[in-house]
Peer 1: 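Attaching a single structure in structure tokens format; questions to follow.
Below, chain A is the first sequence line, B the second, and so on; all start at residue 1. Just so it is clear, the model here is predicted, and its values are computed rather than measured.
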Number of protein chains: 2
Amino acid sequence: MATHITAGRGTRPLPDENPCVACEVREFAVCGALDPEELAQLSALMTQVMVEAQGTVLCEGDPATFLFNIVEGTIRVHKLLPDGRRQITGFLYPGDFLGLAVHDSYAYSAEAITDSRLCRFPRDDFYTLMRQMPRLEQRLLGMASNELIEAQDQILLLGRKTAQEKIASFFLMISRRAARRGQPENPIHLPMGRTDIADFLGLTTETVSRTFTQLKTSHVIRLLENSQVLLADQGALSSIAQGQ
Amino acid sequence: MATHITAGRGTRPLPDENPCVACEVREFAVCGALDPEELAQLSALMTQVMVEAQGTVLCEGDPATFLFNIVEGTIRVHKLLPDGRRQITGFLYPGDFLGLAVHDSYAYSAEAITDSRLCRFPRDDFYTLMRQMPRLEQRLLGMASNELIEAQDQILLLGRKTAQEKIASFFLMISRRAARRGQPENPIHLPMGRTDIADFLGLTTETVSRTFTQLKTSHVIRLLENSQVLLADQGALSSIAQGQ
DNA sequence: CGATCTGTTGAAGTGAGTCAATAGTGGTGG
DNA sequence: CCACCACTATTGACTCACTTCAACAGATCG
């Protein structure tokens with residue numbers, strides 16, 4: 001049966017039955033494809049874990065023992081070069097799945113940006129169950145397909161866009177993803193710091209900061225309190241993101 | 001039943017039965033997962049098409065009517081910005097599948113670099129069949145997973161590597177992929193021109209050319225005739241690719 | 001209230017891009 | 001078979017977008 005581990009056990013009593021039934025992100029997540037019976041089987045494998053801000057979820061090179069489903073919080077996924085250069089390959093939000101691109105060991109590290117709650121599944125058990133649930137496998141294939149499309153957009157961004165275009169594209173991506181989760185698409189919230197944004201866009205913190213200022217000065221965005229950014233002129237932002 | 005269209009019909013008589021049985025790339029391709037019965041069903045959907053060098057396989061934005069399996073030749077997949085900047089997101093070789101990251105319309109264009117032969121499947125029929133063949137779906141999920149891992153490597157390369165590191169990584173990737181297809185891993189063959197390499201690595205042709213010359217001068221590679229490159233010092237190449 | 005961390009701004013440097021000329025390479029036809 | 005053309009690759013000189021290095025400004029917190 002699903003259990004909580006680490007901090008936060010007593011924050012809210014879980015229903016005696018299946019905790020997944022009441023899950024708020026289920027419709028966006030892998031588990032959204034399952035019927036109640038299948039959901040019960042999957043939840044039987046599941047352990048909920050809390051990871052506090054800046055904590056590690058998994059490490060590049062470690063044996064891939066677990067797969068995760070993000071329920072609350074924001075996760076950053078990154079790869080490192082031996083000399084310490086870092087590339088963030090993605091930010092994960094509630095409903096996102098962590099472990100699609102996994103073989104025997106993790107090819108990337110993942111850390112929590114904010115305090116986060118995740119559903120954790122033993123990889124082997126998950127795969128076994130997947131073999132028995134075509135709908136689960138189809139859903140994962142669909143999610144993998146989406147991630148590939150996003151990865152190719154990111155490849156275009158990194159290979160061919162200027163700093164301004166990268167930042168504008170980034171704002172729009174965050175906005176679109178918030179909308180997909182049913183949250184307001186504007187203003188957007190940026191839980192990650194300038195360094196994370198820089199390492200995601202292949203820039204430096206200084207360039208990110210300067211570009212924010214430029215967009216602010218030209219009234220395309222406005223920086224609000226609490227790491228919120230108002231997209232004041234979405235048309236202009238779209239134009240910039242696509243290179244005019 | 002499978003048929004040839006366009007040029008090349010008479011090059012070699014197909015067996016009367018299932019042409020896929022004798023296919024040389026089947027073990028590397030999607031179809032490698034199927035039993036003879038399933039293979040026959042899949043091949044019933046299939047049409048072989050020839051695309052000559054520089055010809056178009058599919059166009060970004062077009063309705064995604066077909067999926068493809070590369071049998072012979074090399075394909076480049078790219079995305080364009082409105083002003084014409086191009087990013088090549090991948091090179092496809094025999095055994096590779098074209099259409100994993102596809103929704104209703106193609107999110108990229110694909111062109112043949114050399115004369116190519118492809119197996120073409122109507123997308124809807126392919127998906128229908130996939131629902132009935134768990135092994136096909138599993139295989140596709142595995143291939144999507146591999147592609148995601150490669151995409152993340154490419155993201156690291158584009159975001160954080162220098163020109164030298166990009167070129168060195170590129171040589172090693174081509175070498176590794178040749179080995180995976182059972183071809184010699186050294187010397188490598190580069191069917192694509194400098195412009196393609198530049199647009200794949202987020203560089204210009206000039207920088208690609210200069211970097212080739214640097215690596216040649218430092219005896220890490222040697223340029224042979226017929227677009228072949230000898231990786232003279234693979235250790236040095238690996239060191240460079242990872243940033244020393 | 002100082003200490004620490006994150007973000008912003010300034011000044012100077014540089015890796016790769018741009019522009020331009022030259023050198024191969026392969027194809028075609030007289 | 002060679003002369004010509006078109007195209008791709010190489011090399012050189014110069015420029016620039018972004019980085020690097022450095023100083024400073026806010027926020028957060030014990």
Peer 1: May I have the distance from A:I197 (atom CD1) to C:dG7 (atom P), rounded to whole angstrom?
Peer 2: 8 Å
Peer 1: Rounded to the nearest angstrom, tell me the gap between atom CZ in B:F212 and atom P in D:dT8.
Peer 2: 16 Å
Peer 1: Looking at A:K161 and A:D153, is any side-chain nitrogen of the basic one under 4.0 Å from a carboxylate oxygen of the acidic one?
Peer 2: no
Peer 1: Between A:T204 and D:dC18, is there a contact of a side-chain N or O with OP1 or OP2 at under 4.0 Å?
Peer 2: no
Peer 1: Determine: side-chain N/O of A:T205 to OP1/OP2 of C:dT8, distance under 4.0 Å, yes or no.
Peer 2: no
Peer 1: Whole Å only: how far is the CD1 atom of B:I167 from the C1' atom of C:dA16?
Peer 2: 12 Å
Peer 1: Can you tell me which nucleotide in D:dT11, D:dC18, C:dT8 comes closest to the side chain of A:R194?
Peer 2: C:dT8
Peer 1: Between D:dA9 and B:S209, is there an OP1 or OP2 to side-chain N/O distance shorter than 4.0 Å?
Peer 2: no
Peer 1: On DNA chain C, does the nearest nucleotide to A:R160 precede the nearest nucleotide to A:G193 from the 5' side, or the other way round? Give the residue.
Peer 2: A:G193
Peer 1: B:T207 side chain: which of D:dT10, C:dA16, C:dG7 is closest?
Peer 2: C:dA16
Peer 1: Is there a side-chain polar atom (N or O) of B:T195 under 4.0 Å from OP1 or OP2 of D:dT8?
Peer 2: no
Peer 1: How long is the line joining CG of A:N226 and C1' of D:dA27, in whole Å?
Peer 2: 12 Å
Peer 1: Using a strict threshold of under 4.0 Å (side-chain N to carboxylate O), is an ion pair present between A:D199 and A:R85?
Peer 2: no
Peer 1: Check B:R181, B:E185, B:R180 against B:Q183 for a side chain to side chain donor-acceptor pair (under 3.5 Å) and give me the one that passes.
Peer 2: B:R181
Peer 1: Base, sugar-phosphate, or nothing for B:T162, non-hydrogen atoms under 4.0 angstrom?
Peer 2: sugar-phosphate
Peer 1: Can you check the B:I221 CD1 to D:dT10 C1' distance for me, whole Å?
Peer 2: 13 Å
Peer 1: Let's test your reading of the model: under 3.5 Å, does the base of D:dC18 pair with the side chain of A:E206 as donor and acceptor?
Peer 2: no
Peer 1: Please report, rounded to the nearest Å, how far the P atom of C:dG24 is from the CG atom of B:L223.
Peer 2: 14 Å
Peer 1: Rounding to an integer number of Å, can you tell me how far B:L224 CG sits from D:dA9 C1'?
Peer 2: 16 Å
Peer 1: Could you please spell out the steps behind the side-chain hydrogen bond (donor to acceptor under 3.5 Å, both in side chains) verdict for A:K79 and A:T89?
Peer 2: CA-CA 7 Å; A:K79 292 173 76 87; A:T89 57; over 6 Å; no
Peer 1: Under 6.0 Å from the CD atom of B:E52, do we count more than 12 heavy atoms belonging to anything else shown?
Peer 2: no
Peer 1: If I take atom CE in residue A:M192 and atom C1' in nucleotide C:dT6, what distance separates them, rounded to the nearest angstrom?
Peer 2: 15 Å
Peer 1: Is a donor-acceptor contact shorter than 3.5 angstrom present between the side chain of B:R210 and the base of D:dG12?
Peer 2: yes
